[in-house]
2 protein chains.
Amino acid sequence: MADNDLDTTRVRILESAGQMFAERGFESTTVRDICQAAGANVAAVNYYFGDKERLYIEAVVRAHRWRLDQAQLPDWNATTPPREKLAGFIHTFFERILGGKDDTWRTRLVMREFMNPTAACAEIAQSNIRPQFEILQSILRELLPQGTSDEELHLTAFSIVGQCLFYHVAEPIICNLVDGAEFATYDVDKLAEHVTKLTLAALDAKAAHAARGAGARR
Amino acid sequence: MADNDLDTTRVRILESAGQMFAERGFESTTVRDICQAAGANVAAVNYYFGDKERLYIEAVVRAHRWRLDQAQLPDWNATTPPREKLAGFIHTFFERILGGKDDTWRTRLVMREFMNPTAACAEIAQSNIRPQFEILQSILRELLPQGTSDEELHLTAFSIVGQCLFYHVAEPIICNLVDGAEFATYDVDKLAEHVTKLTLAALDAKAAHAARGAGARR
DNA sequence: AATTGATTGAAACATTTGTTTGAAACGATC
DNA sequence: GATCGTTTCAAACAAATGTTTCAATCAATT
């Protein structure tokens, strides 16, 4: 029952299954291929997980937990300026998405699940994503003028996350649109800096506009 | 051969197949289900398309072409200000993505193809997406200071598209994060206005910063 | 009305796939 | 070393699925 990181048949199957589900999808991946890649017998899937679907769910949840653990948010204290927090959040988010080149399959697996929600999706959203979303919102609350509606807060958070996620979900398209040499230079640091700068510029403008509006009215 | 919009068995199969591929994916969709939904015989798929895969490719290409035709960019003339062009581009993009509530399957199908590229992906990227990308870049060139690098132009374009696409690729997550009542109010107009405002605020700040920098240097 | 070509229909085929089974191998415990 | 629970293995099962076949049907043309 303990799914610790031992090199046991169980986790070998989980890892192989995750990679294959990520690349080919649930239906295109056969239990036989998974077991062959994991060096296990066909019956091992049913022995350890009951059936193929429960193996899938466990693989997805495991992949997302791994993604979160892989890159942790920086330690902030009460004096950390919110601009720095936002920069750190975005950088960490990119680390999780683009991570080591051998780990992108985990993000692919999770994104695939989001577009084909099963039981794993709601669980991940509630237990893993929501806390991160709350953190991002608390940062934005410090950066946006007081009185900003919850809705605008949400949309702004979505704008940030959307910019980051794009580089994963549209990767084949991006490769088709920009030069291969340029694409090769897209790394976490560069992309994070771009998104951070663009977002902060927009937030600054909103804050300035609000201040001007308040000043003009009085 | 002519795939015109007649209510022929061929296009009925294409439409049914598109919807089912979009919801369940390629492998999970059976030829039998497609034909039943289209009111056709099982053999019709092989008769009209040769095999299941060529039916899929044709359905994807058709869906994306339909998406483009559904919402056309406004007519601009030489005097149209670039800010208005950007607003129009973003609004049209959202129309295409979120379109009529009965047509979202087309976007789903295309996004699915992007994450599982087949032969259809490269074709769509080259013949359909690239022209749109060029238009967006030409608009941004008018809004960003002279001397802005191609790379920054690209990243800015990706930031815009990423913000829009997010509402489609992460829909189940968004539903989980915000109140159902609030989500119900997300429509094309509201989202387009948010993305446009945020982006223009950022672009204005960059332009102002560049002007200030140039002024200070002289 | 006959003919010709395109389309549809029901059934069958060959393969693949998830799952099960029951015996063998293994490992720790007494 | 015998025993008991756990794990592995090869083989088989049953269901589903893409594809094919060939006769029936239809529609237009002569």
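Here is the naming used below: chain letters follow the sequence lines, and residue numbers restart at 1 for every chain. Values below: every heavy atom of this structure, side chains too, minus hydrogens, waters and symmetry copies.
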Are the side chain of A:Ser16 and the backbone of A:Ile13 linked by a donor-acceptor contact shorter than 3.5 Å?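 Not a single qualifying donor-acceptor pair exists.
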
Distance check, rounded to the nearest 0.5 Å: B:Arg67 atom CZ versus B:Asn128 atom CG?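 Those atoms lie 9.0 Å apart.
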
Indicate every side-chain donor-acceptor pair of residues 159-171 of chain A with a distance under 3.5 Å to a residue at least two apart or in another chain.
{"unit_1": "A:Ser159", "atom_1": "OG", "unit_2": "A:Leu155", "atom_2": "O", "d": "3.2"}
{"unit_1": "A:Ser159", "atom_1": "OG", "unit_2": "B:Gln163", "atom_2": "OE1", "d": "2.7"}
{"unit_1": "A:Ser159", "atom_1": "OG", "unit_2": "B:His194", "atom_2": "NE2", "d": "2.9"}
{"unit_1": "A:Gln163", "atom_1": "OE1", "unit_2": "B:Ser159", "atom_2": "OG", "d": "2.7"}
{"unit_1": "A:Gln163", "atom_1": "NE2", "unit_2": "A:Ser159", "atom_2": "O", "d": "3.3"}

Distance-only side-chain donor-acceptor flag, A:Arg141 / A:Ser138, under 3.5 Å: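 Absent: no donor and acceptor within the cut-off.
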
Which two nucleotides bound the region of DNA chain D that has atoms under 4.0 Å from heavy atoms of chain A, read 5' to 3'?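 Using the under 4.0 Å cut-off, the span is D:dT6 to D:dA12.
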
In the 5'-to-3' direction, what one-character label does each nucleotide of nucleotides 7-23 of chain C receive under the scheme B = base within less than 4.0 Å of a protein heavy atom, S = sugar-phosphate only, - = no such atom? BBBB-B----BBBBB--

Looking at B:Lys190 and B:Asp187, does any basic side-chain N land under 4.0 Å from a carboxylate oxygen?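 No, B:Lys190 and B:Asp187 are not salt-bridged.
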
Kindly indicate whether a cation-pi arrangement holds for A:Lys52 with A:Phe26, taking the cut-offs as under 6.0 Å to the six-membered ring centre and within 45° of the axis.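 That pair qualifies as a cation-pi contact.
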
Hey, which of A:Phe93, A:Phe158, A:Phe89 is the one that makes ring pair (Phe, Tyr, Trp, His ring centres under 6.0 Å) with A:Phe133?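 In the set A:Phe93, A:Phe158, A:Phe89, the residue that makes a ring pair (Phe, Tyr, Trp, His ring centres under 6.0 Å) with A:Phe133 is A:Phe158.
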
